[in-house]
Amino acid sequence: MAAATARRIIERAGEKAGLSLSVHPHMLRHACGFYLASKGHDTRAIQAYLGHKNIQHTVRYTELSPLRFKDFWND
């Protein structure tokens, strides 16, 4: 599948869902990273999974997910 075709399929899905913003393929990557961070997965594991060379790119997902640390100090 050509990149342009995939991009258009994702754009149309966003339109059909009635989303107020323009949806693009990279949003799926961000959504995946955010979801994994919100479920408490290790930042280094998320980094490897998403193929980030720089950990700072991955850290953005954990910064956006304060619930990840909700039970951090509970025994």
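Any value given below was found using the heavy atoms of this structure, including those in side chains, with hydrogens, waters and symmetry copies removed. For the single chain, residues carry numbers from 1 onward in sequence order.
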Please find the pair of heavy atoms, one from Thr58 and one from Thr43, that lie closest to each other, and give the distance. CG2-O, 3.5 Å
Leu50 to Gly33 - nearest heavy-atom pair and separation: CD1-CA, 3.8 Å
Should the pair His24 and His26 be assigned to parallel (<30°), tilted (30 to 60°) or perpendicular (>60°) ring geometry? parallel
Minimum side-chain heavy-atom gap Ile46-His52 below 4.5 Å: no
Taking Val23's backbone N and O only, do any of them form a donor-acceptor pair with Glu11's side chain (distance below 3.5 Å, no angle check)? no
Please tell me whether Met27 and Phe34 are part of a single hydrophobic cluster in this structure, the criterion being side-chain heavy atoms less than 4.5 Å apart. no
Supply the atom-to-atom distance Lys53 NZ to Gln47 CD, rounded to the nearest 0.5 angstrom. 11.5 Å
ILVMFWY cluster, Leu28 and Tyr35 together (side-chain gap under 4.5 Å): no
Side chain to side chain, Arg44 and Ile55, heavy atoms closer than 4.5 Å: yes
